[in-house]
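Note sheet for the following structure.
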Amino acid sequence: MTSKRKRGEEGMGEGEIVWQTPANAPQRCDYIFHNGRRHVRPYYFEFIAHVKNRWAGKSVVDLFTEEFKGRPYEYYVDAVKCGRIQVDGEMVPTSYIVKTSQKISHFLHRHEPPVMALEVKILKEEADVLTVYKPASVPVHPCGQYRKNTVVGILQAEHGLAPLFPIHRLDRLVSGLLIIARNASKADLFRQQIESGLVKKQYIARVVGVFPEEEQVVDVHINYNAREGRSTAEDTMAKGKAAQTKFTCISSDGVHSIVLCEPVTGRTHQIRVHLQYTGYPIANDALYLTKVASGRSMEKTTADRAAAISASSTAHDIEEDCVNARKENSSEDFRIDPMCTNCPNLAPKGYDGEEEGLWLHCVRYSGPGWIYECPYPEWASLK
């Protein structure tokens, strides 16, 4: 079964709720386009987890309150009482003590964060390989709060493409070339080549200042702090992992420079951190843009402005193409759930719809007997 049907709960009124699971494929009608953003119509979804050793011995309400802090204690009490939270497929009292490996289901009204309303453009479609132009702000695959608002989800909804196997990473805020295998064996071949060091990767970045004309090679360890969600460059080899990136200046207008970035290794935020280390951080990178570097930029280079520069024409085209869909899928046209802590808003709490897009773009991947490329974004022109 790919979904569960459940009659309206106490306080919910009459009506049948369809609970989706990861097996439910995204559909074109799931998306709402509004003010240059792609939203997902809120939907009912079953989250499944299995009790970890450190969770065992806690009451089901305390477990959720302590481990999933996005909702208040009172919500979890009500969710257990009405069956929105179940253990091993059964309703339990709020005082129920969970045991290791038990299955816990949380049925909730899911709101996904919005992304920029840019086309996930197919660049090349082959029998076993697909390459696309990934827009900034769109995650590659389901993660965190994102499921349908992902490259994989959008390709499945709009082109019926599945299964898909992305063979390399692109951070959510990064745009550009994404290579996707159409089958597991092709994906394994690509990954073996990447792990063997046979694949060359090229990105471009727009950085603060006039970058040196001669090639710069940064060979500095990178230490990623998962709690803070950022990396640091370490001069000592005692910390972090080895990382190397080559940088070459392509052009400069005296304020910013377009730099070719060739990462030899693949650490988290490697290009961003190594550019910061050189003193030429990405010009709209709020996470790594130092105050000194920011003062050297004479323009307002926020990520929102960057997104607007590269997205304005395409977003308008996308909205025009989807005008009929918007009539059917307006922001007023979704079910308001009285237990939901996000309703009546379309986006989840903490997301105001003003998403960031980073001035970092993947332009080329090449390996034994193959090359895939992606066009430059508009922000790469310094005119």
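Everything numeric in this text was worked out from a predicted model, so none of it was measured. For the numbers below, each heavy atom of this structure counts, side chains included, while hydrogens, waters and symmetry mates do not.
- Taking the charged nitrogens against the carboxylate oxygens, K58 and E67 do have a contact shorter than 4.0 Å, which makes a salt bridge.
- Donor-acceptor pairing under 3.5 Å is lacking for the side chains of H111 and Y351.
- A donor atom on one side chain and an acceptor atom on the other are not found under 3.5 Å apart for S231 and H269.
- Annotation: side chain to side chain donor-acceptor pair (under 3.5 Å) contacts involving residues 174-185, sequence neighbours excluded, comprise S175-H361, N183-S185.
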Item to check | Audit row: Y224, K241, side-chain contact (heavy atoms from CB on, under 4.5 Å) steps and yes/no | outcome: CA-CA 9 Å; Y224 179 66; K241 297 180 179 180; over 6 Å; no
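- R41 forms no cation-pi arrangement with F334, by the criterion of a distance under 6.0 Å to the ring centre and an angle within 45° of the ring axis.
- In summary, the side chains of E262 and Q202 do present a donor paired with an acceptor at a separation below 3.5 Å, with no hydrogens or angles considered.
- Y288 does not carry R272 over the face of its six-membered ring by the limits of under 6.0 Å from the centre and within 45° of the normal.
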Item to check | Pair R38-V138, side-chain contact (heavy atoms from CB on, under 4.5 Å): steps then yes or no | outcome: CA-CA 10 Å; R38 179 194 291 264; V138 183; over 6 Å; no
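- Look at R267 and E234 and you find no salt bridge, because none of the NZ, NE, NH1 or NH2 atoms lies under 4.0 Å from a carboxylate O.
- Atom-to-atom distance recorded for N149:CG and E112:CD is 5.5 Å, nearest 0.5 angstrom.
- Both W370 and Y133 are part of a single hydrophobic cluster, where members link through side-chain heavy atoms under 4.5 Å apart.
- Checked by atom type and distance alone, the side chain of K134 pairs as donor or acceptor with a backbone atom of R172 at under 3.5 Å.
- Looking at E126 and K186, their side chains never come closer than 4.5 Å, going by heavy atoms from C-beta outward.
- Following chains of ILVMFWY side-chain contacts shorter than 4.5 Å, one can reach V120 starting from Y146, so the two form part of one hydrophobic cluster.
- We find the CD1-CG distance between I271 and D285 to be 11.5 Å, quoted to the nearest 0.5 Å.
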Checklist entry - Could you walk me through whether I154 and Y31 pass the side-chain contact (heavy atoms from CB on, under 4.5 Å) check? => result CA-CA 9 Å; I154 293 169; Y31 300 97; 3.8 Å; yes
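- Within the 4.5 Å cutoff, the side chain of Y372 has no heavy atoms near those of the L123 side chain.
- By the rule that hydrophobic residues join a cluster once side-chain heavy atoms approach within less than 4.5 Å of another member, V77 and F68 end up as members of one cluster.
- The environment of OH in Y73 is sparse: at most 12 heavy-atom neighbours from other residues, nucleotides or ligands sit within 6.0 Å.
- Remark: the Y44 side chain and the D337 side chain contain an N/O donor-acceptor pair separated by less than 3.5 Å.
- A heavy-atom distance below 4.5 Å is found between the side chains of P42 and L346.
- Heavy-atom neighbours of K121 NZ from other residues, nucleotides or ligands within 6.0 Å: at or below the threshold of 12.
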